Structure formats: structure tokens, C-alpha cells
Amino acid sequence: QVQLVESGGGLVQPGGSLRLSCAVSGSIISIYTMNWYRQAPGKQREWLASITTGGRGNYADSVKGRFTISRDNAKNTVYLQMNSLKPEDTAVYYCKITGVDRWGQGTQVTVSS
């Protein structure tokens with residue numbers, strides 16, 4: 001059974017940085033495109049970024065230039081480096097395997113002074 005465990009969230013001031021991790025078990029991520037999403041209170045879940053098996057990243061306009069997705073297939077882990085954080089980045093962040101209908105518990109990111 002596929003499990004995704006997100007971590008690395010927390011409280012950060014505007015302009016700060018965080019690095020999120022998503023550890024996957026029950027599946028080998030090297031054969032999949034991996035994604036990060038977020039969901040803010042009262043809003044729909046929003047796709048942020050994906051990384052192909054070849055390592056190419058794609059980003060939503062809202063995070064392009066500030067966030068970087070990466071993967072370590074040997075560790076079966078995906079990362080999201082978030083820089084220049086804004087209060088509107090406050091949300092629960094999730095990772096997801098493309099084509100697999102499974103979500104982790106997410107990790108809370110709060111950007112506030």
C-alpha cells in the first residue's frame with residue numbers, strides 16, 4: 001500500500017524559506033512523475049509543481065521562480081524548496097504520485113510575522 005509522509009512545514013516569517021520533504025513507501029517513485037499541491041483554508045487544493053522521471057520541473061505561475069521541486073530516487077523522496085515565502089503561501093502542503101489516488105496527511109506551512 002502506497003504511503004506518503006510529508007514533513008518540514010512550520011511557522012516562518014515573510015521572505016523566509018522552508019524545505020519540505022515527502023517520503024514515499026510502498027511504491028518506487030523513480031518511474032513516476034511526482035507533484036506538490038497545497039490547500040489553504042476555504043480554498044480548493046491547488047497544484048504547485050511537478051517533476052518528471054527525467055528531473056524536469058514544471059511550476060504553477062503562483063510559485064514559479066520561488067519554489068523548486070527535486071527528487072532523490074535512491075531515498076524515494078521528493079522535496080520542495082520554498083524561498084521568498086509570502087503570507088498567501090500559508091496552507092497545508094501535500095505530495096502526490098501522478099496517476100495514484102493517494103494522499104498523505106500533509107504538512108502545515110504558516111507564513112506570518
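Note that the coordinates shown come from a computational prediction; the quantities given were computed from them, not determined experimentally.
Aromatic ring pairs are classed by plane angle as parallel below 30°, tilted from 30° to 60° and perpendicular above 60°; the pair Trp103 and Tyr37 is perpendicular.
Using a 4.5 Å heavy-atom threshold, the side chains of Ile51 and Thr33 count as separate. Side-chain atoms of Ile97 and Met34, non-hydrogen and from C-beta on, do get closer than 4.5 Å to each other. Side chains of Thr110 and Val12 form no contact here, defined as non-hydrogen atoms less than 4.5 Å apart. Val63 is not listed as a side-chain neighbour of Trp36, based on a closest heavy-atom distance of 4.5 Å or more. The side-chain heavy atoms of Tyr32 and Val24, taken from C-beta on, include no pair separated by under 4.5 Å. Residues Val109 and Met82 have side chains in contact (heavy-atom distance under 4.5 Å, counting atoms from C-beta outward). For the pair Phe67 and Asn83, the minimum side-chain heavy-atom distance is 4.5 Å or more. Counting heavy atoms from C-beta outward, Ser112 and Thr90 have side chains that stay 4.5 Å or more apart.
Remark: Lys86 engages no residue in a salt bridge (charged side-chain N to carboxylate O under 4.0 Å, His left out) (not counting sequence neighbours). In this structure Asp61 satisfies the salt bridge (charged side-chain N to carboxylate O under 4.0 Å, His left out) test together with Lys64, sequence neighbours excluded. The side chain to side chain contact (heavy atoms under 4.5 Å, CB included) check on Ser84 picks up Arg66, with sequence neighbours excluded. With sequence neighbours excluded, the residues that form a side chain to side chain contact (heavy atoms under 4.5 Å, CB included) with Ser113 are Pro14. With sequence neighbours left out, the side chain to side chain contact (heavy atoms under 4.5 Å, CB included) criterion links Ala23 to Thr77.
Annotation: disulfide (SG to SG under 2.5 Å) contacts involving residues 55-91, sequence neighbours excluded, are absent.
Here the CD-OG distance, from Gln81 to Ser17, works out to 5.5 Å after rounding to the nearest 0.5 Å. Between atom CG of residue Asn76 and atom OG of residue Ser30 there is a gap of 7.5 Å, rounded to the nearest 0.5 Å.
The hydrophobic cluster containing Val92 also contains Trp47, counting ILVMFWY residues as joined when their side-chain heavy atoms lie under 4.5 angstrom apart, directly or transitively.
Judged by the 6.0 Å and 45° rule, Arg71 forms no cation-pi pair with Tyr79.
With respect to Val78, the side chain to side chain contact (heavy atoms under 4.5 Å, CB included) criterion is satisfied by exactly one of Ile29, Asn73, Asp72: Ile29.
Residues Arg102 and Lys96 come closest through the heavy atom pair O-CG, 3.9 Å. Shown here for Gln105 and Leu4, the closest heavy-atom pair between the two residues is OE1-O, 3.7 Å. Between Leu85 and Leu18, the closest heavy-atom pair is CD1-N, 3.9 Å. Closest of all the heavy-atom pairs between Glu6 and Gly106 is OE1-N, 2.9 Å.
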Steps toward side chain to side chain contact (heavy atoms under 4.5 Å, CB included) verdict (Tyr94, Thr107): CA-CA 7 Å; Tyr94 303 87; Thr107 186; over 6 Å; no
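Using modelled atom types, one finds a donor on one side chain and an acceptor on the other under 3.5 Å when comparing Glu46 with Ser62. Thr98 and Asn35 are linked by a side-chain donor-acceptor pair at a separation below 3.5 angstrom, with hydrogens and angles left out of the test.
The residues Asp89 and Arg38 are annotated as salt-bridged, a charged nitrogen and a carboxylate oxygen being separated by less than 4.0 angstrom.
Taking a 6.0 Å sphere around CD of Glu88, one finds it holds more than 12 heavy atoms contributed by other residues, nucleotides or ligands. Around CD1 of Ile28, the count of heavy atoms belonging to other residues, nucleotides or ligands within 6.0 Å does not exceed 12.
Within the 3.5 Å criterion, the main-chain N or O of Gly8 finds no donor-acceptor partner in the side chain of Tyr93.
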